[in-house]
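To keep things clear, I will list the structure first and then write my remarks on it.
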Amino acid sequence: MRKTKLLLFIALLCMAGATKAVETTDKWGISELTVEPGSSNIYSFTVRLEGSLMYTAYQMDIYLPEELTLANGENDEQVEIAADSEIYPYDEYLFNKYGIKEPLHTISYNTLGDFIRIIGKELENNTSLKDVSGDLFKVYVKASPYLKPGDVEIAIKDVYLTTSAAVQYEPADYVSTSIKASTTSTLTLKVSGDYKFGTCSLPFDYTLPTDGSLEAYTSSSATDDALLLTKADKIEAYTPYILYSEAGFSATISGEVDATKYPTDGIVKSGYLAGTVVQTELTEATSYVMQNQGSGVKFHQVDPASPFVLAAGKCYVELPEGANASALRIGATTGIASSELTTQNSQLIYNLLGQRVEKMQPGHIYMVNGRKVIVE
């Protein structure tokens, strides 16, 4: 098994002498598999040829959904020849002397853009496969917590096969995949104890801890420089939230995913907050991403000249067109702030000793008009 970046060179070897591809009704199939989104398990599916000719080599591109990523298998390979496959010829000397079936063919693979290019070839003698049909190779994957339950589309495209006569064939179709994702999803929900803030957009409902160790907020309004937040009683599936934890929070949680709520464009919105279900590139100046750039955790404006890639399961702020703010403080009226709060004269501010103060300072807790305010 070899992983190499010289795939274009190998592709030329595979297709040497071939001219215009001849269309064939031969097909490719994928073995049955059910994955659990967010599980630590490494899964594998097998790609099978249902053919009619004795091919010598093959090439194809496999497109995985963003929520299904390559993983290292038992032999630290992400793609390898199927161990029990009978379609490959093997080294007869090794078999006769040691009983070892070492395939003469090798597999090369690499990720090119949004697909995996896979090439199978016997390099020395251009030896044909042993049979017209059979298992060719395994692909090892892990499933993101945000993988949509139900049928998982794995596209096989640009398939080419060659025979010893240097004729190139191109299948007209492939067998539909039978890979499925279960409705149970597992993920780690975490807020840093240093920053105290985080964001999330979960694929399932989650009941907040009763001890107050984690709080969740939505936002439907904002001032020129601050988000106005509303405290939530629980976290609902496919809804964006700002999280707060005074001492930090980390827990592995699971839940049942309702596939009918899955957003078709990968983005969920509520008020000024937008949540990601897949990794998303933000390119608009109306988008603001939570960051700590040295003055506390705030939502900082995205620079269109330098797009920001936001991971799945996070959220960002989307302001109306024409809004102009370089950064947004968090929680001007809810008792949560990421930097010093500027207050109006009508507000009554007291420290925990009951003494009235005119201005709040970072790192202290105050009572403002009867509400507790934590200033970061």
- Between Val317 and Leu319, is a side-chain contact (heavy atoms from CB on, under 4.5 Å) present by the stated rule, with each step listed? CA-CA 6 Å; Val317 171; Leu319 290 184; 3.9 Å; yes
- Message: Assess the residue pair Lys121 and His105 against the criterion (side-chain contact (heavy atoms from CB on, under 4.5 Å)); give the C-alpha distance rounded to whole Å, side-chain angles, the decisive distance to 0.1 Å, and a yes or no.
- Response: CA-CA 5 Å; Lys121 174 70 176 177; His105 286 66; 5.5 Å; no
- Task: Report the C-alpha separation of Leu68 and Ile154 in whole Å, then their side-chain angles, then the decisive distance to 0.1 Å, and conclude whether the side-chain contact (heavy atoms from CB on, under 4.5 Å) test is met.
- Result: CA-CA 9 Å; Leu68 202 62; Ile154 297 177; 4.1 Å; yes
- Item | Chi angles and distances behind the side-chain contact (heavy atoms from CB on, under 4.5 Å) call for Thr199, Tyr316 | CA-CA 8 Å; Thr199 66; Tyr316 60 98; over 6 Å; no
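Inspection of the Thr127 and Asn125 side chains reveals no N or O donor paired with an N or O acceptor under 3.5 Å. Neither side chain, Glu77 nor Tyr140, offers a donor N or O lying under 3.5 Å from an acceptor on the other. For the residue pair Asp211 / Ser213, a side-chain donor-acceptor distance below 3.5 Å is found, with atom types taken as modelled. Under the 3.5 Å distance criterion, with hydrogens and angles disregarded, a donor-acceptor pair is assigned to the side chains of Thr56 and Thr162. With hydrogens and angles left out, the side-chain atoms of Glu318 and Thr286 include a donor and acceptor closer than 3.5 Å. A donor-acceptor pair shorter than 3.5 Å cannot be found between the side chains of Gln301 and Ser326.
Open room surrounds CD on Glu74; 12 or fewer heavy atoms of other groups in view lie less than 6.0 Å from it. In the displayed structure, Gln293 atom CD is contacted under 6.0 Å by more than 12 heavy atoms of other residues, nucleotides or ligands. Atom NZ of Lys269 is surrounded by 12 or fewer heavy atoms from other residues, nucleotides or ligands within 6.0 Å. A 6.0 Å sphere centred on CD of Glu256 holds more than 12 heavy atoms belonging to other residues, nucleotides or ligands. Counting non-hydrogen atoms of other residues, nucleotides and ligands closer than 6.0 Å to CD of Glu32 gives a total of 12 or fewer. The number of heavy-atom neighbours closer than 6.0 Å to CG of Asp233, taken from other residues, nucleotides and ligands shown, is 12 or below.
Atoms CE and OG, on Met54 and Ser164 in that order, are 9.0 Å from each other to the nearest 0.5 Å. To the nearest 0.5 Å, atoms OG (Ser128) and CG (Leu104) are separated by 11.5 Å. Atoms CD and CG, from Gln78 and Asn110 in turn, are 9.5 Å apart once rounded to the nearest 0.5 Å. Here the straight-line distance linking atom CG of Leu328 with atom OG1 of Thr223 works out to 7.5 Å at 0.5 Å rounding. We find the CG-CG distance between Asp303 and Leu282 to be 12.5 Å, quoted to the nearest 0.5 Å. The distance from the CG atom of Asn75 to the NZ atom of Lys138 is 10.0 Å, given to the nearest 0.5 Å.
Ile42 and Ile30 fall into different hydrophobic clusters, where Ile, Leu, Val, Met, Phe, Trp and Tyr residues are linked whenever their side-chain heavy atoms come under 4.5 Å apart, directly or through other members. By the rule that hydrophobic residues join a cluster once side-chain heavy atoms approach within less than 4.5 Å of another member, Tyr241 and Met290 end up as members of separate clusters. In the hydrophobic clustering of ILVMFWY residues, with side-chain heavy atoms under 4.5 Å counting as a link, Leu161 and Tyr109 come out together. Residues Val302 and Ile330 do not share a hydrophobic cluster, clusters being chains of Ile/Leu/Val/Met/Phe/Trp/Tyr side chains in contact below 4.5 Å. A continuous path of Ile, Leu, Val, Met, Phe, Trp and Tyr side chains, each step under 4.5 Å between heavy atoms, connects Leu229 with Tyr288, placing both in one hydrophobic cluster.
Tyr88 places no side-chain N or O within 3.5 Å of a backbone atom of Glu102 that could act as its donor or acceptor partner. Panel note: side chain Glu122, backbone Glu124; a donor-acceptor pair is recorded below 3.5 Å. With hydrogens and angles ignored, the 3.5 Å screen pairs no side-chain donor or acceptor of Ser287 with any backbone N or O of Ala285. Using a distance-only test at 3.5 Å, with no hydrogens or angles considered, a donor-acceptor pair links the side chain of Ser31 to the main chain of Thr46. In this structure, Tyr206 contributes its side chain and Leu189 its backbone to no donor-acceptor pair below 3.5 Å. Counting only distance, with no hydrogens or angles, the side chain of Thr276 and the backbone of Gln279 share no donor-acceptor pair below 3.5 Å.
No side-chain heavy atom of Lys196 sits under 4.5 Å from any side-chain heavy atom of Asp194. Between Val22 and Val167, the closest side-chain pair of non-hydrogen atoms falls below 4.5 Å. Gln59 is listed as a side-chain neighbour of Arg117, based on a closest heavy-atom distance under 4.5 Å. Looking at Leu227 and Ser221, their side chains never come closer than 4.5 Å, going by heavy atoms from C-beta outward. Taking 4.5 Å as the limit, some side-chain heavy atom of Leu70 sits within range of a side-chain heavy atom of Ile116. You'll find the side chain of Ile267 stays beyond 4.5 Å of the side chain of Val277, heavy atoms only. Counting heavy atoms from C-beta outward, Thr186 and Ile253 have side chains that stay 4.5 Å or more apart. Counting heavy atoms from C-beta outward, Cys200 and Leu243 have side chains that approach closer than 4.5 Å.
A pairwise comparison of heavy atoms in Ser201 and Val268 identifies OG-CG2, 3.2 Å as the closest pair. Residues Ala21 and Tyr169 approach most closely at CB-C, 4.4 Å, considering heavy atoms. Minimum interatomic distance between Thr69 and Glu66 (heavy atoms only, all atoms of both residues): CG2-O, 3.7 Å. In terms of heavy-atom proximity, Asp26 sits nearest to Leu53 at OD2-N, 4.1 Å. Taking both residues in full, the closest heavy atoms of Ile87 and Ser133 are given as CD1-C, 3.6 Å, listed atom of the first, atom of the second, then distance. Taking all atoms of both residues into account, the shortest heavy-atom contact from Leu214 to Ser245 is CD1-CB, 4.4 Å.
Under the rule for a salt bridge (Lys or Arg N to Asp or Glu O under 4.0 Å), the partners of Asp135 that lie at least two apart in sequence or sit in another chain are Arg48.
Under the 30°/60° scheme for interplanar angles, the aromatic rings of Phe137 and Tyr58 are found to lie parallel. Ring planes of Tyr238 and Tyr262: perpendicular class, angle over 60° (limits at 30 and 60°).
Paired with Gln291 under the rule side chain to side chain contact (heavy atoms under 4.5 Å, CB included), one option of Phe299, Phe308, Tyr195 passes, and it is Phe308.
We find that Lys142 and Glu67 are not joined by a salt bridge, their nearest charged nitrogen and carboxylate oxygen being 4.0 Å or further apart.
Identified under the side chain to side chain donor-acceptor pair (under 3.5 Å) test for residues 144-159, with sequence neighbours left out: Asp151-Lys180, Glu153-Tyr174.
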